[in-house]
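First the proteins, then the strands, lettered A, B, ... as listed; each starts at 1. For the numbers below, each heavy atom of this structure counts, side chains included, while hydrogens, waters and symmetry mates do not.
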There are 2 protein chains.
Amino acid sequence: MLTKKGKYGLKAMAHLARFAPGRPVPVLEIATTQNIPKKFLDAILCELRNCGYVVSKMGKGGGYTLARPADQITVGDIVRALDGPLAPLPCASKTRYRPCDDCGNVERCAVRLVMRDAQRALSGVLDNCTLARACELAETIPLCYHI
Amino acid sequence: MLTKKGKYGLKAMAHLARFAPGRPVPVLEIATTQNIPKKFLDAILCELRNCGYVVSKMGKGGGYTLARPADQITVGDIVRALDGPLAPLPCASKTRYRPCDDCGNVERCAVRLVMRDAQRALSGVLDNCTLARACELAETIPLCYHI
DNA sequence: TTTATACCTATCTAATAGGTAGACATTATA
DNA sequence: TATAATGTCTACCTATTAGATAGGTATAAA
């Protein structure tokens, strides 16, 4: 389950992808239009900057910009940066593998093998979805969409 | 991310699937062989019983049995019962949809649309994986498996 | 009647999520 | 150069949840 941090971060990145073809976007603008607590968003963007996904410009007229084009940052990148590994269990993670301490036979653990499949499926979606594609998806969807 | 509850529950169910073609298995046996805290497992199995996935028999010679054949219970069932919806966000859940309160336009929310894809991918794996298949997977895997 | 088991209620502790406060640094621009 | 608009940093707070543990009660087979 994605935390609010992850969700807010993704929404902010999508905002930057859509509305920033150059000029820096102030945190306050993102916070108000996306309904995100300003101070919380401050912390999130700061983290994304430290990871190299956004660039900040201080002072008047400052704000945040994507560090790379929107089609070169994936949703998986952002989720991993803010919420950690995609895999349901650390022992099934590709990027941050850690064995379970309660697991006797890691290689033949049924739970782990299933969760590796799950991880593959999840990263197949999130690592192949760029911010650009996500925005596009939202814009081209038919208006009458049935939940 | 799966919680320990979910993980322990799955391991216990896999144990039942493998080692119980009839006789009830006591909690203590599962707890010791699977390295799960006994009292914690008590609570988990009780929950699974309330959901109808296992059957308990009290008294001497008692224990737990699968309520249905192992090929008729999926990993997705167990995970949902113990850890809640598979979807990374409630607004992307099929089984327990709930809109985000911070989301202005639910239908065109880029984050939600991506997470719906993620949900589909995840449930595609977990809902199509039965306990029987999970055990089989672990048994037929080659010994020299490269992490 | 004894023993092995499930079942129930209560409680505990540590971590985490989610958020807030306020001082401080930086910079465009008037 | 003063000032206003912004990001940056450190510290803190509160509620909830994860992850257990303890101890007793009910049930049933031998």
Side-chain angles (χ1 to χ4, degrees), chain A residues 1-12 16 20 22-32 34-67 79 82-85 88-90 100-102, chain B residues 1-12 16 20 22-32 34-51 53-67 79 81-85 88-90 100-102:
Chain A
M1 184 70 90
L2 209 59
T3 66
K4 295 225 173 189
K5 185 159 126 183
K7 184 175 83 169
Y8 290 161
L10 281 176
K11 286 178 74 175
L16 289 181
R23 66 139 186 156
V25 183
V27 178
L28 194 60
E29 178 187 318
I30 308 178
T32 51
Q34 302 293 328
N35 283 307
I36 303 173
K38 159 83 164 59
K39 284 287 188 181
F40 198 7
L41 186 54
D42 266 345
I44 293 167
L45 286 171
C46 191
E47 215 167 315
L48 289 174
R49 181 183 54 98
N50 293 336
C51 296
Y53 295 117
V54 293
V55 170
S56 64
K57 191 178 173 201
M58 279 177 69
K60 190 167 184 177
Y64 284 91
T65 329
L66 294 184
V79 172
L82 296 175
D83 279 352
L89 291 176
C100 297
D101 37 356
D102 59 280
Chain B
M1 183 72 92
L2 210 59
T3 65
K4 296 226 173 187
K5 185 160 127 184
K7 184 175 81 170
Y8 290 161
L10 281 176
K11 287 178 73 176
L16 290 180
R23 66 137 187 157
V25 182
V27 177
L28 194 60
E29 177 186 320
I30 308 178
T32 51
Q34 302 292 329
N35 283 307
I36 303 173
K38 158 83 164 62
K39 286 288 189 181
F40 198 7
L41 186 54
D42 265 346
I44 293 168
L45 285 170
C46 191
E47 216 168 314
L48 289 174
R49 181 183 52 98
N50 292 336
C51 297
Y53 294 117
V54 294
V55 170
S56 63
K57 190 180 174 199
M58 277 177 71
K60 189 166 183 175
Y64 283 92
T65 330
L66 293 184
V79 172
L82 296 175
D83 278 353
L89 291 176
C100 298
D101 37 357
D102 60 278

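- A heavy-atom distance below 4.5 Å is found between the side chains of B:Leu16 and B:Val25.
- Evaluation of the salt bridge (charged side-chain N to carboxylate O under 4.0 Å, His left out) test over residues 51-62 of chain A, restricted to residues two or more places apart or in two chains, returns none.
- B:Ile30 places a side-chain heavy atom less than 4.5 Å from the side chain of B:Leu45.
- Nearest heavy-atom pair across A:Gly9 and A:Leu82 is CA-CD1, 3.7 Å.
- Partners of A:Cys100 under the side chain to side chain contact (heavy atoms under 4.5 Å, CB included) rule, at least two apart in sequence or in another chain, are A:Cys91, A:Asp102, A:Cys103, B:Lys7.
- For A:Glu47, the side chain to side chain donor-acceptor pair (under 3.5 Å) partners are A:Lys5, not counting sequence neighbours.
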Expected rows: protein N/O vs nucleotides 9-17 of chain C N/O, under 3.5 Å:
none

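- In this structure, the side chain to side chain contact (heavy atoms under 4.5 Å, CB included) partners of A:Asp42, at least two apart in sequence or on a different chain, are A:Val27, A:Lys38, A:Lys39.
- The list of ring pair (Phe, Tyr, Trp, His ring centres under 6.0 Å) pairs with a residue in residues 38-59 of chain A, not counting sequence neighbours, reads A:Tyr8-A:Phe40.
- Take A:Thr3 and apply the side chain to side chain donor-acceptor pair (under 3.5 Å) test, not counting sequence neighbours, and it matches A:Asp83.
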Dump every N/O contact between nucleotides 5-7 of chain C and the protein below 3.5 Å, one line per pair.
from: C:dA6; atom 1: OP1; to: B:Val27; atom 2: N; distance (Å): 2.7
from: C:dC7; atom 1: OP1; to: B:Arg49; atom 2: NE; distance (Å): 3.4
from: C:dC7; atom 1: OP1; to: B:Ser56; atom 2: OG; distance (Å): 2.6
from: C:dC7; atom 1: OP2; to: B:Tyr64; atom 2: OH; distance (Å): 2.3

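- Interatomic distance, CD1 of B:Ile44 versus CD1 of B:Ile36, reported as 6.5 Å (0.5 Å rounding).
- Of all nucleotides in DNA chain D having an atom under 4.0 Å from a heavy atom of chain A, the first and last in 5' to 3' order are D:dA5 to D:dC9.
- The two residues B:Pro24 and B:Gly62 make their nearest non-hydrogen contact at CB-C, 3.8 Å.
- An end-to-end axis angle of 10° holds for the helix from C:dT1-D:dA30 to C:dA30-D:dT1, taken from five base pairs per end and rounded to 10°.
- By the 4.5 Å heavy-atom criterion applied to side chains, B:Val79 and B:Leu10 are counted as neighbours.
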